[in-house]
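Only one structure is covered here, and it is reproduced in the block below.
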Amino acid sequence: MQKERVVIIGSGPAGLTAALYTARAQLAPVVIAGAQLGGQVAITHEIENYPGFPEGLSGPELVERMKDHAENFGAKFEYDLVESVDFSRGSPFIVKTLGGHYSADAVIVTIGADPRKLGVPGEEDYIGAGVSYCGTCDGFFFRGKDIVVVGGGDSALEEGIFLTRFANSVNIIHRRDELRAGVQLQERAFKNEKIRFTWNAVVEEIVGGAGGVTAVRLRDVISGEETVAPTEGVFIFIGHDPNNAVFGEQIALNENGYIITDQRYRTNVDGVFAAGEIQDEIWRQVATSVGQGTSAAMAAIQWLEAHEDSLQPLTAATA
Ligand code: NAP
């Protein structure tokens with residue numbers, strides 16, 4: 001078993017930033033990068049709203065830069081998946097991956113949340129070419145276009161309203177005839193002249209060609225009738241799934257499955273911190289995750305300093 005001062009679970013912007021800060025504090029953090037270095041950002045075509053990059057940059061480039069930055073100060077990256085954790089006896093915590101076992105004095109959880117997918121033909125093919133899960137990130141690319149939004153919750157309406165700043169029209173497709181979203185958002189959406197609703201309909205297929213999305217094939221869930229609605233963009237807001245499975249009952253979650261933290265990004269387990277979308281179900285931006293990763297790292301550094309006398313030496317590896 002490898003003994004470490006800090007293990008960071010996840011390698012999105014929160015994890016990469018926490019790695020940079022803890023590395024600069026000479027803690028040589030180990031980042032368990034997960035299935036995809038950079039998480040959702042790694043599959044984001046272009047990022048235009050991260051400060052300091054006025055020309056924008058691609059998600060993969062931002063991820064590489066953040067990783068290099070952390071590595072330059074001594075962060076270590078393991079391209080591995082966490083299988084389970086044992087937080088039951090307090091620090092040092094056990095983190096089991098497919099490839100090894102780690103004993104960590106402090107853990108920073110930045111494992112993220114995944115946008116729910118429709119799971120229909122064409123969806124995966126056109127991600128970044130008309131299919132999006134983030135209006136704030138991608139709305140700007142749909143200026144003057146006719147787009148559809150899928151979902152009937154707060155996110156679908158809030159993002160749908162936001163997208164009317166850019167799009168020529170927004171067709172909100174909902175599988176029922178009643179919205180889940182709050183009344184105030186409903187009123188704002190109904191008043192918005194660019195928004196119309198398609199009720200009792202589900203997307204069966206996202207259709208496109210070399211230039212990206214061209215239409216969605218819809219099915220009326222009552223009549224069964226199928227129609228094709230031309231569109232250049234499909235924004236899907238049908239919820240997120242926080243990646244909490246490896247923690248079981250060992251960490252306190254809110255009713256939606258997100259890790260509960262306080263203002264110092266402490267979880268209910270002393271020495272375990274969380275940042276980014278695994279604890280933030282509201283903002284979900286690269287810039288907010290970077291800020292949260294910074295705060296969680298600083299809190300972890302302070303926690304380790306406060307517990308310095310009781311920490312085992314790093315050479316004390318156990319079988
Ligand atoms: P949500 O409340 O779970 O709503 C998901 C929507 O997607 C529902 O309308 C659901 O339909 C629909 N849906 C789910 N699976 C679908 C599928 N396979 N095909 C088609 N439609 C599907 O998720 P959310 O809107 O992301 O909100 C998550 C949480 O964040 C909520 O607690 C919300 O209140 C909160 N939030 C708040 C704000 C705000 O206050 N400003 C903004 C955003 C989010 P059904 O209704 O038929 O189930």
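Counting starts at 1 for both ligands and their atoms, in listed order. Start at 1 with the first residue, then count along the sequence.
For atom 22 (C) of ligand 1, the nearest protein heavy atom lies under 4.0 Å away. There is a protein heavy atom closer than 4.0 angstrom to atom 38 (C) of ligand 1.
Crowding of Tyr21 atom OH: a count of heavy atoms from other residues, nucleotides or ligands under 6.0 Å not exceeding 12. Heavy-atom neighbours of Lys76 NZ from other residues, nucleotides or ligands within 6.0 Å: above the threshold of 12. Atom CZ of Arg116 sits in a crowded spot, with more than 12 heavy atoms from other residues, nucleotides or ligands closer than 6.0 Å.
Of the candidates Arg180, Glu178, Glu159, Glu158, the one placing a heavy atom closest to atom 8 (C) of ligand 1 is Arg180. Checking Ser155, Gly151, Ala156 against atom 27 (O) of ligand 1, the nearest heavy atom belongs to Ser155. Counting only non-hydrogen atoms, the option in Arg284, His174, Glu255, Glu281 that gets closest to atom 29 (C) of ligand 1 is Glu281.
Atoms of ligand 1 lying under 4.0 Å from at least one heavy atom of Arg176, given by number and element, are 45 (P), 46 (O), 47 (O). Taking every heavy atom of Leu118 and a limit of under 4.0 angstrom, the matching atoms of ligand 1 come to 19 (N).
Between Phe197 and Phe190, a ring centre-to-centre spacing shorter than 6.0 Å is recorded.
The cluster map of Ile, Leu, Val, Met, Phe, Trp and Tyr, joined by side-chain heavy atoms under 4.5 Å apart, puts Tyr102 and Val107 in the same cluster.
Checked by distance only, ligand 1 and Gly153 come closer than 3.5 Å through their nitrogen or oxygen atoms.
Given atom 9 (O) of ligand 1, the protein heavy atom at minimum distance is Gly152 N, 3.0 Å. Looking only at heavy atoms of the protein, atom 35 (C) of ligand 1 is closest to Asp154 OD2, 4.2 Å. Of all protein heavy atoms, the one closest to atom 32 (O) of ligand 1 is Asn256 ND2, 4.0 Å. Looking at atom 20 (C) of ligand 1, its nearest protein heavy atom turns out to be Arg175 CD, 3.9 Å. If you check which protein heavy atom lies closest to atom 18 (N) of ligand 1, you get Ile238 CD1, 3.8 Å.
For the pair Arg165 and Phe162, the cation-pi test (distance below 6.0 Å, angle within 45°) is failed.
Under 3.5 Å, the side chains of Asp220 and Asn200 contain no donor-acceptor pair of N or O atoms.
Comment: Asp105 engages Lys3 in a salt bridge, judged by a side-chain N to carboxylate O separation of less than 4.0 angstrom.
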Query raised in the report: Between Glu187 and Lys191, is a salt bridge (charged side-chain N to carboxylate O under 4.0 Å, His left out) present by the stated rule, with each step listed?
Result: CA-CA 6 Å; Glu187 282 174 2; Lys191 272 191 207 147; 5.3 Å; no
